[in-house]
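Worksheet: the structure to be examined is printed underneath.
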Amino acid sequence: MPLHHDRLGPEARSFLRNDLDMLIDGKWVPARSGKVFDTYDPGTGRVIARVAEGDAADVDLAVKAARRAFEEGPWSRMSPSDRGRAIWKLADLIEQNADEFAELEVLNNGKPLSIARNSDVAMSADMFRYMAGWATKISGETLSISTPGNYHCFTVREPIGVVGQIIPWNAPLVMLAWKVAPALAAGCTIVLKPAEQTPVTALRFGRLIEEAGIPAGVVNIVTGFGPTAGAAIAAHEGIDKVAFTGSSEIGRIIVKAAAGNLKKVSLELGGKSPAIVFPDADLSVAVPGVAQGIFANSGQVCTAGSRLFAHKRVFDRVVEGIAERAGSIRVGHGFSEGVQMGPVISPVQHDRVMDYIRQGQAAGASVAAGGTRIGNEGNFIAPTILTGTTPDMAVVREEIFGPVLCAMSFDDDDLDRIAKQANDSAFGLAGSVWTRDVSIAHKMVRRIRAGRIGVNTHGSTDAAIPTGGFKQSGWGREKGHEGLNLYTETKSVIMAL
Ligand code: ADP
């Protein structure tokens with residue numbers, strides 16, 4: 001079978017030379033079953049590597065290793081400062097190998113090289129650095145109680161224990177960083193499962209663990225499929241908490257599987273985020289901002305602004321502006337010079353997105369830009385705008401996870417009614433408001449039921465900013481101090497004096 005590595009530097013090429021094993025208890029091992037699966041370049045559809053296909057047996061070994069590392073140390077006995085230093089080292093190591101990480105991410109995920117290098121890899125390193133700082137700042141409170149003379153009461157925050165982490169394919173290294181960095185800062189041990197579509201950078205990251213001085217068993221990486229390896233993590237009785245990012249559909253399955261031992265669950269799920277453009281908005285900011293909000297990463301972003309609501313007075317100008325940008329976005333293989341948008345992740349995802357576009361048209365929507373596949377090789381879809389969409393259509397209600405914007409107008413000055421339209425969704429992950437009026441901005445921020453709101457921007461992925469959802473978009477917040485708290489338990493201590 002030909003493995004296509006021609007665009008890679010020598011390091012990345014050498015990494016992919018052999019089949020990729022999993023990291024369990026500090027050792028690189030094949031699956032117990034001996035099985036392997038192919039992983040692909042979504043820009044060509046060609047196989048780029050063979051990866052160990054872990055399942056319940058491998059998850060079990062990984063959980064045992066993580067449990068031992070948690071109970072017996074030295075990780076759990078390490079000083080917070082030493083733990084922080086090791087996490088900081090991971091950031092340095094990611095940066096030292098940034099070109100290789102970026103190339104591997106492009107090859108396996110499809111995104112443009114400059115974005116992988118300057119955004120994904122940089123952001124991942126930054127997340128480790130941010131969380132490294134928190135390792136020394138985890139503390140409880142001294143409590144004022146009603147009988148102060150008789151009792152001394154305080155809280156301590158302790159690591160939650162062994163955590164299972166299941167991540168998606170849209171930003172493989174970033175999603176890893178958002179999960180692994182806070183768990184390490186809190187002192188947890190980890191069984192991580194990357195998405196079956198994109199295991200490569202997670203395994204490359206695994207090579208950094210020992211180099212950073214993190215003991216065996218603290219980070220275990222099991223590659224494999226959702227219904228086997230993923231399900232085994234969600235259900236495992238030896239896991240104290242599972243953190244999941246992916247579709248709301250699988251989120252529900254995770255919650256049910258986790259019910260066995262009532263492990264803690266945090267979920268970052270789907271979205272259908274509104275971008276609301278008021279008539280006074282600076283369109284030279286709003287138009288590129290809304291376009292970026294939906295077309296970045298080929299629309300494969302949970303916080304993507306996939307529903308545009310623009311005031312009737314500016315609707316045509318906004319849609320024309322976004323359509324013009326959509327038409328000029330250079331779509332192509334992530335390694336091609338000047339490319340701004342890559343393919344969607346897989347043929348399955350390609351067909352799903354194209355089905356939505358067809359379905360929207362059949363329901364009465366019109367295509368104002370894109371709407372077509374690009375080329376014969378790889379999973380490329382043109383940046384697409386659907387107009388004439390209505391709130392009852394599946395394209396407006398369901399998460400497409402592709403470069404498809406549903407454009408709608410409003411002709412109203414009543415903010416409650418505008419917000420009601422924007423909030424008419426099962427999801428509540430993000431949203432953006434575009435206006436020059438500070439008062440409208442603040443009022444809309446209060447009215448939108450979502451975990452992250454941008455004003456004259458669709459948002460930011462900074463490590464300090466909590467991200468997560470209202471409603472069916474999830475449980476808990478990742479990143480920021482709240483993201484750290486997902487990995488600690490509060491213990492109250494009551495001392496009778
Ligand atoms: P998508 O539909 O966008 O591929 P998913 O929600 O299916 O996203 O996948 C996100 C992650 O969840 C992946 O790592 C995948 O392997 C995992 N996963 C899929 N199905 C299950 C399952 N039944 N139990 C646990 N994890 C799963």
Side-chain angles (χ1 to χ4, degrees), residues 22 31 37-40 42 51-56 58-60 62-63 108-110 163-176 178-180 190-203 205 220-236 239 241-261 263 265-272 297-304 306 343-353 355-356 379 381 398-404 427 429 469 472-475 478:
M22 303 180 285
F37 65 100
D38 290 334
T39 190
Y40 300 88
V51 183
E53 187 186 328
D55 58 25
D58 308 284
V59 166
D60 197 49
V63 172
N108 201 191
N109 165 278
V163 302
Q165 302 185 317
I166 302 172
I167 56 175
W169 43 257
N170 59 339
L173 192 62
V174 174
M175 293 294 106
L176 176 151
W178 287 17
K179 295 242 181 321
V180 171
I190 297 167
V191 178
L192 173 86
K193 192 196 88 63
E196 53 270 40
Q197 295 86 346
T198 53
V200 171
T201 44
L203 293 171
F205 171 82
N220 303 277
I221 302 173
V222 177
T223 43
F225 292 89
T228 48
I233 290 173
H236 203 291
I239 291 181
K241 177 221 164 74
V242 62
F244 170 78
T245 297
S247 61
S248 294
E249 178 197 347
I250 304 297
R252 284 190 192 90
I253 294 175
I254 302 272
V255 168
K256 286 187 190 136
N261 71 333
K263 61 172 67 63
V265 179
S266 57
L267 303 168
E268 219 257 75
L269 306 176
K272 195 75 190 178
N297 211 35
S298 309
Q300 304 171 120
V301 180
C302 49
T303 52
S306 47
V344 299
I345 193 70
S346 62
V348 171
Q349 188 63 10
H350 170 274
D351 293 351
R352 227 183 125 247
V353 175
D355 276 349
Y356 269 116
N379 321 310
I381 299 176
E398 296 168 20
E399 183 178 51
I400 298 176
F401 223 64
V404 182
F427 300 110
L429 197 55
Q472 293 181 29
S473 288
W475 293 353
E478 292 194 299

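Indexing begins at 1, ligand by ligand and atom by atom, following the structure's order. Residue numbers count from 1 along this sequence.
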- [ ] Just jot down the ligand 1 atoms closer than 4.0 angstrom to any heavy atom of F244, in number order.
- [x] 6 (O), 10 (C), 11 (C), 12 (O)

Task: Atoms in ligand 1 flagged as close to G230, the criterion being non-hydrogen separation under 4.0 Å - done: 24 (N), 25 (C), 26 (N)

Open item on the list: Counting only nitrogen or oxygen atoms and a 3.5 angstrom limit, does W169 reach ligand 1?
Closed with: yes

- [ ] With side-chain contact (heavy atoms from CB on, under 4.5 Å) as the test, would you mind laying out the steps for E478 and T245 before giving the verdict?
- [x] CA-CA 10 Å; E478 292 194 299; T245 297; 3.6 Å; yes

- [ ] May I ask you to list the atoms of ligand 1 that are less than 4.0 angstrom from any heavy atom of I253?
- [x] 23 (N)

Open item on the list: List ligand 1 atoms under 4.0 Å from K193, heavy atoms only on the residue side.
Closed with: 14 (O), 15 (C), 16 (O)

Open item on the list: Exactly one of I254, I239, L192 should register a side chain to side chain contact (heavy atoms under 4.5 Å, CB included) with I233. Which one does?
Closed with: I239

Open item on the list: Any non-hydrogen side-chain atom of K272 less than 4.5 Å from a side-chain atom of I400?
Closed with: yes

Task: Shortest protein heavy-atom distance from atom 17 (C) of ligand 1, along with the residue and atom involved - done: I166 CG2, 3.6 Å

- [ ] Identify the two heavy atoms, one from R252 and one from Q472, that lie closest to each other, and give their separation to 0.1 Å.
- [x] NH2-OE1, 2.6 Å

Open item on the list: Just to be sure I read this right, does ligand 1 sit under 4.0 Å from the backbone of A234, its side chain, both, or neither, counting only heavy atoms?
Closed with: neither

Open item on the list: So F244 and L269, do their side chains get closer than 4.5 Å, heavy atoms only?
Closed with: yes

Task: Atom indices of ligand 1, in the order listed, that fall short of 4.0 Å to a heavy atom of I254 - done: 25 (C), 26 (N)

Task: Closest protein heavy atom (residue, atom, distance) for atom 7 (O) of ligand 1 - done: I250 CG1, 3.4 Å

Open item on the list: Looking only at the side chains, is there a donor atom on one of T201 and N108 sitting less than 3.5 Å from an acceptor on the other?
Closed with: no

- [ ] Could you establish whether F401 and ligand 1 come within less than 4.0 Å of each other, counting only heavy atoms on the residue side?
- [x] no

TODO: Check step by step if side-chain contact (heavy atoms from CB on, under 4.5 Å) holds for N379 and Q349.
DONE: CA-CA 8 Å; N379 321 310; Q349 188 63 10; over 6 Å; no

Open item on the list: Rounded at 0.5 Å granularity, tell me how far CD1 in I167 sits from OG1 in T198.
Closed with: 7.0 Å

Task: Rounded distance [0.5 Å steps], CG in N261 versus NE2 in H236 - done: 9.5 Å

TODO: Taking only heavy atoms of G246 into account, list the atoms of ligand 1 that are under 4.0 Å away from them.
DONE: 6 (O)

- [ ] Give the numbers and elements of all ligand 1 atoms closer than 4.0 Å to a heavy atom of S247.
- [x] 5 (P), 6 (O)

Task: Rounded distance [0.5 Å steps], NZ in K179 versus CD in E268 - done: 6.5 Å

Open item on the list: Among all the protein's heavy atoms, is there at least one whose distance to atom 9 (O) of ligand 1 comes out below 4.0 Å?
Closed with: no

Open item on the list: Please work out, at 4.0 Å between heavy atoms, whether the side chain, the backbone, both, or neither of I167 comes within that distance of ligand 1.
Closed with: backbone

- [ ] Distance to 0.1 Å, residue and atom name: give those for the protein heavy atom nearest to atom 16 (O) of ligand 1.
- [x] E196 OE1, 2.5 Å

- [ ] Heavy-atom contacts with A231 under 4.0 Å: which atoms of ligand 1 show up? List them by number with element.
- [x] 24 (N), 25 (C)

- [ ] Considering only non-hydrogen protein atoms, determine which one is nearest to atom 27 (C) of ligand 1 and report residue, atom name and distance to 0.1 Å.
- [x] G226 CA, 3.4 Å

- [ ] Let me know which of F427, Y356, W169 forms a ring-ring contact (aromatic ring centres under 6.0 Å, His included) with F401.
- [x] W169

